[in-house]
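We use all heavy atoms of the structure for the numbers below, so side chains are in, but hydrogens, waters and symmetry mates are not. Every value quoted in this text rests on a predicted model; they were computed, and no experiment measured them. Within every chain, numbering begins at 1; the chains are lettered A, B, ... in the order of the sequence lines, protein sequences first and strands thereafter.
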Amino acid sequence: MDEFSGTIDVALSDHPLELDTCYRFVQHPSCGGLCLFVGTIRDLNLGHTVTHLEFDAYDGMAIKEMRKLALAARDTFDLQAVSLHHRKGDLEIGDVAVIIAVSSVHRAAAFAGCEWIIDELKKTVPIWKKEFREDGSHWLNARP
Amino acid sequence: MDEFSGTIDVALSDHPLELDTCYRFVQHPSCGGLCLFVGTIRDLNLGHTVTHLEFDAYDGMAIKEMRKLALAARDTFDLQAVSLHHRKGDLEIGDVAVIIAVSSVHRAAAFAGCEWIIDELKKTVPIWKKEFREDGSHWLNARP
Amino acid sequence: MRILCFGIAREIAGGPGLQLDGIVGKSVRELRMALMREFPGFADLTDFAVARNEVYATDEEIIAAGDEVVIIPPVSGG
Amino acid sequence: MRILCFGIAREIAGGPGLQLDGIVGKSVRELRMALMREFPGFADLTDFAVARNEVYATDEEIIAAGDEVVIIPPVSGG
C-alpha cells in the first residue's frame, strides 16, 4: 500500500470506531477544510423501532472496495487524504457504523468528496445490515 | 436560551477548539447522519506562505449571528442539533479556526446544512482574519 | 464448486456456503441462472451480484477452477 | 458619538474606536457618508456595514442616542 501512504486509510473493524483516529489521519498543513461524516444506528427506521443491528461483511472484498472508493474520491475531488472506517459485528442504537474523514485545500471539495464516498459505499461495498425490531428481523434492501 | 436547549450550541473561544465536544453535543438516537466540518489555518493562501493569523471578533454580535445561523440551519434543513464553535485570537498553521457539527435523521440534510452554515458564516459573522506572511500582513477580504 | 454466501444469501443457502457443480467454464450469467434454479430464494431478492476473487464479476466472465466465487445480495452498509 | 471599530477599521481609525459627532438622529446612510468623508480609508474598502446594537443596520435606520454603533468591514471568519 506504499502508493497510498499518508493519503488513504481504510479499516473494517469489529471494535468501536474512533472519530479522532480518522480526524488525525487527514490533517495536513495545506488543507483548510476537513469534512467528516459519522453514520450511526438509529432507533427508528421506516417507522419501526429498532433494537439492534448485525453487520455481516465480506472482509477482503469490502476492504478492496473501500480502498477503491477512497482512491477514486481522492483523485476525483482532489482531496489530500481520506480515512474510511467501517464497523462490523453487532451494533446497538447510537453505535457508529461508519466514519469518513477527508481533507482538502478548499472546503467545497471536502463536502462533495465526503458525501460521494458515503453514497457510493452504500451501493458497492459488500457489507450487509440485519435489522432487529421488536417484531422480528430482516436483512435490509434484500427484498423488493 | 431555554428554547435552544439541547439543539443549539454556539461558542466563540480564545482556547483551542475540540472536535469531540461538538461531536458529543449533536449525537442523538434518532439521527443516522452526522456531518462535521473543521476549518484550519493553511500554510499557503493564494500562493503566499502564511506564518500565522490573528482573529479579531465583535464578540456579542458574533455570538448572536452564529446563533441565528445555527437556528436557521436547524429549521431549514430539519436538523436535530447544531454545534458551532469559532476561535479567536492568535492562530498558527494547522490550528482549528472553526468546527461545525450537525445531526439529522438522514444524511443528505446533514451535509447540506453543515455546508450552508460555513458558507453563510463567512458572509455574515463579524470575525476578521489578519494574515501574516513573510513579507507583511493584511486583513483578508478588506480591499478590492 | 463451493460458493460463499453473505447476508441474506446465507439464509437462502442454509449456511455460509453452498455447493453448485458443473459451473467451471460457464459464464457468470449461467451461474446466476443455475443458482436461481437450485435455490429459488435467490429469485426473490431485489437483485444479487456475483464476485469472483473479490471483484464484482460481469455476466460475461467465465468461472475458472480455483476462483473464489461469492454471492453478493443487495448491500446495505454505511 | 463613539463608534467601535474591528479588523481593518481599527487601522483606519487608528484605534479601537473613533469619534464622530452630530450623527444622532441621522440615518445609517448618512453615517456611512460622514465616515468616508472624515476617514477616507473607509472609501478604499471593498465595502463596509454598520451594526446597531449588535444587529446589521439597514441604510434607512436612524441612529439613536445610546446606540452601540459599530463599523463592520468585510468579514473573513471561518
Before giving the answer on side chain to side chain contact (heavy atoms under 4.5 Å, CB included), spell out for A/Met61 and C/Ile72 the whole-Å C-alpha distance, their side-chain angles and the decisive distance to 0.1 Å.
CA-CA 11 Å; A/Met61 182 172 168; C/Ile72 309 281; 4.1 Å; yes
Check whether any side-chain heavy atom of A/Ile63 lies under 4.5 Å from a side-chain heavy atom of C/Glu54, and answer yes or no.
no
Side-chain touch C/Val75/A/Lys122, heavy atoms, less than 4.5 angstrom
no
Can any side-chain N or O of [X] pair as donor or acceptor with the backbone N or O of [Y] at less than 3.5 Å?
X: A/Trp128; Y: C/Phe6; answer: no
X: C/Ser76; Y: A/Asn141; answer: no
X: A/His86; Y: C/Gly78; answer: yes
X: A/Tyr58; Y: C/Ala51; answer: no

Using heavy-atom distances under 4.5 Å, tell me whether [X] contacts chain C through its side chain, its backbone, both, or neither.
X: A/Ile118; answer: side chain
X: A/Lys88; answer: neither
X: A/Ala62; answer: neither
X: A/Glu65; answer: side chain
X: A/Ala97; answer: side chain

C/Phe48 versus chain A, heavy atoms under 4.5 Å apart: side chain, backbone, both or neither?
neither
Search all heavy atoms of [X] against all heavy atoms of [Y] and return the closest pair with its distance.
X: C/Asp44; Y: A/Arg143; result: CB-NH1, 3.4 Å
X: A/Lys64; Y: C/Asn53; result: NZ-O, 3.9 Å
X: A/Trp139; Y: C/Gly7; result: CE2-C, 3.6 Å

In this structure, NE2 of A/His138 is separated from CD1 of C/Ile8 (nearest 0.5 Å) by 9.0 Å
Quick one: do C/Glu11 and A/Lys130 satisfy side chain to side chain contact (heavy atoms under 4.5 Å, CB included)? Show the steps, please.
CA-CA 12 Å; C/Glu11 296 183 0; A/Lys130 189 174 195 176; 2.7 Å; yes
